Amino acid sequence: MQNTLLLVDGSSYLYRAFHAMPDLRNPQGEPTGAIYGMINMLRRLRSDYPAAYMACVFDAKGKTFRDDLYPEYKAQRAAMPDDLRLQIEPIHEAVKAMGWPILMVEGVEADDVIGTLAVEATARGLNTIVSTGDKDLAQLVNPHVTLINTMSNEKLDEAGVLTKFGVPPERIIDYLTLIGDTVDNVPGVTKCGPKTAVKWLAEYDSLDGVIANADKIKGVVGDNLRAALDWLPQGRVLITVKTDCDLSAHHISIDESLVAKEESKEAMLAFYKRYGFKTWLRELSGDATAGATPLSSIAKATAGSGNTPAQAGLFNDDGAIPATVISNYETVLTEAQLDAWIARINAASLTAVDTETTSLEPMTAQLVGISLCCEAGHACYIPVAHQYADAPAQLSRASVLEKLRPWLEDDSKAKVGQNLKYDTHIFANHGVALRGIVHDTLLESYVFESHKSHNMDSLALRHLGKKTISFEDVCGKGAAQICFDQVELQRATDYAAEDADITLQLHLAMWPEIETDASLQRVYHDIELPTSVVLQKIERNGVLINKDLLNAQSNEIGKRLLELEQNAYELAEQPFNLNSPKQLGEIFFGKLGLPVVKKTPSGAPSTDEEVLQKLAEDYPLPKVLLEYRGLAKLKSTYTDKLPKMVNAQTGRVHTNYAQAVAVTGRLASNDPNLQNIPVRTAEGRRIREAFVAAPEHVIISADYSQIELRIMAHISGDASLLKAFADGEDVHKATAAEIFGVALDDVTSEQRRYAKVINFGLIYGMSAFGLASNLGIERAAAQSYIDKYFQRYPGVAQYMADTRTKAKAHGYVETVFGRRLWLAEINSPNGPRRQGAERAAINAPMQGTAADLIKLAMIAVQNWLENDHLQSKMIMQVHDELVLEVPESELELVRKKLPELMANVAQLHVPLLAEVGIGKNWEEAH
DNA sequence: CTGCTAGCATA
DNA sequence: GTATGCTAGCAGA
């Protein structure tokens, strides 16, 4: 770009590179992480943003005008860590060798140099790109100046600043002045954060406006503002980036001195050698072997590392596992090693497989390495994409996958893993179809002990008495977490090979428990294992989303929210954050003196929907809040979020179905959750219009009718209830006729509504108290309805009693298919907890059996689609509903067959019924 | 940056 | 009154 100036805020990146990188060292032990990060970043910038002029700007030593103005400036900042200070000089050296002009101006901060040059560039008709990790520089953005953050890949133009901060670039100074900057020790207004600052600036336009109207702002924050009035002008000067520094005095201007030079190969070679960057050295010198660690040293170092005997016998004295297992882990770096392992797994009766990847997102993560284990204690790790500074040469990902493909894709080669649904996605990301999944330790644990945790570290502790290396031990956590491809090979092998080893041992420990119990084995083998294969396909199919429609809805809702917000401010006679229950409570119950209806568990007055409904009868503000809450939820959770979750490659949303989290056997959906898309209100249902079918396809949805009540009829065997379903009656209406003692045809809609609430209450293990509060009636009246119900449906009463008894005696209840649902607190001495467990015990068999049924239906539907070579695809499961995307040519077929498969998936004492809907989108299909 | 609470969407 | 997951605000690092 001939008309572009590229400025890098070197000082801000120094810190970020230092903290983002692991503690890398060269052979001499000198720290090199920040150097590595910095070089990497500059290389990428130069290729991504070719510019006529460029410079890397650093802070110089010495005081600046800000120190004179405010001695406390940056006073709180901790001294630079030694390990970073040691890297400053080398970084300057590297930047120069790379051909970048460096600017360091004594007495002028890097920010001010950047600001001044950006203004000069604009005056000369140039566009400026500022690469920084510091939000303060957002104040410089205008049509000719853009910020980029290479660490987060974020790009901020004028619109971007407005979106990110809620104020335009010309208000950033005011905004930052109000908030203050804790890093530089510049105070703002106490308790004023981003939300409040945006609110004030929206109300009074500018900092000067806020200052002029300071007396109008109520509350503690208003007092804080008034206390800060004297300070704010000074704060503003500190926050403001100078754009008029006299750089000419330092002979700096945008001329040939800011034109990048060729990288000096000789200097870089010397530099890489000096600091031990072997991969780059190899790259630059064109010598493929330079610096590669000899294989033998790794093999030696790794074999036998972590030589702890596993104390398997401690917890499993059934002899399934040898009492001591000596771990012997191998890093596979050569063709010969790989061939030896392929021979082993081809001969093995069962092999544990595990993948290491670049992220936890199943659809986008890339393979970093594979571990295998077919004999407890003997495992290997095959790294294929580790790329830290001096990583040894590895076999390529493509070649390893091609060599392993015949085995991976062979249905007859038995595999076990921990959540292989994830690994299946990873292999699919590279064009390999994982087959032959015969066991999954995640599902074994889930079927065996639904209520316990199923992650590998806790499983290893529980079943093998072994403390494993955790992912966090290896990669750290939070912001400082590194990608697995940055992990040093020996450490990676210790961790990854152990995972495969432990997986195999876990299987050997848990399988006997399941194998010897016919019900558990059936649930595991006939339901959970095949379900996981189906789920992987559904996730991969994804759901097509109309982004434009959602964006339009977001805009529309956004406008309405602004109106409601203003409306609320007027009613409250002050601005406040409508999203903050705390602030809302202060206004409602403090300022306006509204009555407290109920309290939250932690004692604060509640402002939830029920309370607002009640208060809305007498006051105007709660009504506004109700509409605001409803719309804000739709916008933030759905219309804003879903478009962002669309996969760039497929144009679809790919949820993740968690198969082992819900203790009842249900699935859970996350990232995004597709099981809570609104349906009750008209406003909410519009979101379903954005769940669309591809061209020449339709959405077909089928849901089980009254599934849990039917299951209650089946399990309880209650004659009246069974008859109602057998006769195909409206079950709520039938219940109402029984309770109110009237003929079916005389049931009023009010009576039916009551009966419906009671039916749902029964499924949830309700009490008279709960029923009363739900129906808004006296407790005694509720109790008499319940008594009447149990009198009319004695089988149901018996079932409730039996369930409680069984739960207390065994600690678990069962579904119709024999799934065990454990109730940890069923015998708790704590009354409320125990009662909670009793209600859960009553609900669990119904919810759990429904979950079993739809899982069986999913397996049946997938089998049918595949056996008949149909193009139709399952794309969602919502507890009692299956959603398919169907080519128009298969519409009639699916419309007929889908509900049949669902209804006939099991023969209960009641008929099962599935109802079908068809449309161009999910809303129409209902 | 992390963990907590409040609130709310679904079956 | 059962079972989930997600967002925003906020307090304490």
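In the text below, chain A, chain B and the rest are named by the order of the sequence lines, each starting its count at 1. Here the structure is a predicted model, which is why all the values come from computation and not from measurement.
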**OP:** Please tell me which of A:Asn577 and A:Asn843 maps to the more 5' nucleotide of DNA chain C, matching each residue to the nucleotide holding its nearest heavy atom.
**Re:**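 Its nearest nucleotide lies further toward 5', so the answer is A:Asn843.
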
Side-chain-base donor-acceptor pair under 3.5 Å for [X] and [N]:
{"X": "A:Asp671", "N": "C:dG5", "answer": "no"}
{"X": "A:Lys582", "N": "C:dC10", "answer": "no"}
{"X": "A:Gln847", "N": "C:dT2", "answer": "yes"}

Please work out if [X] contacts a base, only the sugar-phosphate, or nothing of the nucleic acid, heavy-atom cut-off 4.0 Å.
{"X": "A:Phe760", "value": "nothing"}
{"X": "A:Gly478", "value": "sugar-phosphate"}
{"X": "A:Glu881", "value": "nothing"}
{"X": "A:Arg666", "value": "base"}
{"X": "A:Arg629", "value": "sugar-phosphate"}
{"X": "A:Asn676", "value": "base"}
{"X": "A:Val611", "value": "nothing"}
{"X": "A:Ser773", "value": "nothing"}
{"X": "A:Ile677", "value": "sugar-phosphate"}
{"X": "A:Glu708", "value": "nothing"}

Could you give the [atom1]-to-[atom2] distance, from [X] to [N], as a whole number of Å?
{"X": "A:Gln877", "N": "C:dA3", "atom1": "CD", "atom2": "C1'", "answer": "13 Å"}
{"X": "A:Arg685", "N": "B:dT10", "atom1": "CZ", "atom2": "P", "answer": "10 Å"}
{"X": "A:Trp922", "N": "B:dA9", "atom1": "CH2", "atom2": "C1'", "answer": "12 Å"}
{"X": "A:Lys195", "N": "C:dA8", "atom1": "NZ", "atom2": "P", "answer": "8 Å"}
{"X": "A:Leu631", "N": "B:dA9", "atom1": "CG", "atom2": "P", "answer": "10 Å"}
{"X": "A:Asp640", "N": "C:dC6", "atom1": "CG", "atom2": "P", "answer": "16 Å"}
{"X": "A:Leu584", "N": "B:dC8", "atom1": "CG", "atom2": "P", "answer": "10 Å"}
{"X": "A:Tyr657", "N": "B:dT10", "atom1": "OH", "atom2": "C1'", "answer": "12 Å"}

Subject >> Lys/Arg N to Asp/Glu carboxylate O, A:Glu838 vs A:Lys808, below 4.0 Å >> reply: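 Counted as a salt bridge, because a side-chain N and a carboxylate O are separated by less than 4.0 Å.
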
Original post:
Hey, is A:Glu528 close enough to A:Arg819 for a salt bridge, meaning N to O under 4.0 Å?
Top reply: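 Salt bridge: yes.
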
Of all the choices, [options], which nucleotide is nearest to the side chain of [X] once you look at every atom?
{"X": "A:Ala668", "options": "C:dC10, C:dG5, C:dG1", "result": "C:dG5"}
{"X": "A:Tyr638", "options": "C:dG1, B:dA9, B:dC1", "result": "B:dA9"}
{"X": "A:Lys633", "options": "B:dC1, B:dG7, B:dA11", "result": "B:dG7"}
{"X": "A:His879", "options": "B:dA11, C:dA3, B:dA9", "result": "B:dA11"}
{"X": "A:Asn670", "options": "C:dG5, B:dA9, C:dG9", "result": "C:dG5"}
{"X": "A:Val661", "options": "C:dC6, C:dT4, C:dG9", "result": "C:dT4"}

Is any side-chain N or O of [X] closer than 4.0 Å to OP1 or OP2 of [N]?
{"X": "A:Ser606", "N": "B:dG7", "value": "yes"}
{"X": "A:Thr607", "N": "B:dG7", "value": "yes"}
{"X": "A:Ser602", "N": "B:dT5", "value": "no"}
{"X": "A:Ser580", "N": "C:dC10", "value": "yes"}
{"X": "A:Gln675", "N": "C:dC6", "value": "no"}
{"X": "A:Arg680", "N": "B:dT10", "value": "yes"}

**OP:** Name the orientation class of the two ring planes belonging to A:Tyr785 and A:Tyr754 (parallel below 30°, tilted from 30 to 60°, perpendicular beyond 60°).
**Re:**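 Aromatic pair A:Tyr785/A:Tyr754 classed perpendicular.
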
Subject >> Distance, nearest 0.5 Å, that separates CD of A:Glu565 from CG of A:Leu578 >> reply: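 Atom-to-atom, A:Glu565:CD and A:Leu578:CG are 6.0 Å apart.
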
Original post:
Of all residues at least two apart in sequence or in a different chain, which pass the side chain to side chain donor-acceptor pair (under 3.5 Å) check with A:Asn455?
Top reply: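 For A:Asn455 the side chain to side chain donor-acceptor pair (under 3.5 Å) partners, ignoring immediate neighbours, are A:Ser458.
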
Original post:
Can you list the residues that meet the side chain to side chain donor-acceptor pair (under 3.5 Å) rule with A:Arg560, with sequence neighbours excluded?
Top reply: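 Side chain to side chain donor-acceptor pair (under 3.5 Å) check on A:Arg560 returns A:Glu563, A:Glu627.
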
Original post:
Cation-pi between A:Arg820 and A:Tyr812: NZ/CZ under 6.0 Å from ring centre and within 45° of the ring axis?
Top reply: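 Relative to the ring axis of A:Tyr812, which defines the angle, A:Arg820 lies inside both limits.
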
Original post:
Do the side-chain N and O atoms of A:Thr664 and A:Gln847 include a donor-acceptor pair separated by under 3.5 angstrom?
Top reply: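 Short answer, yes.
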
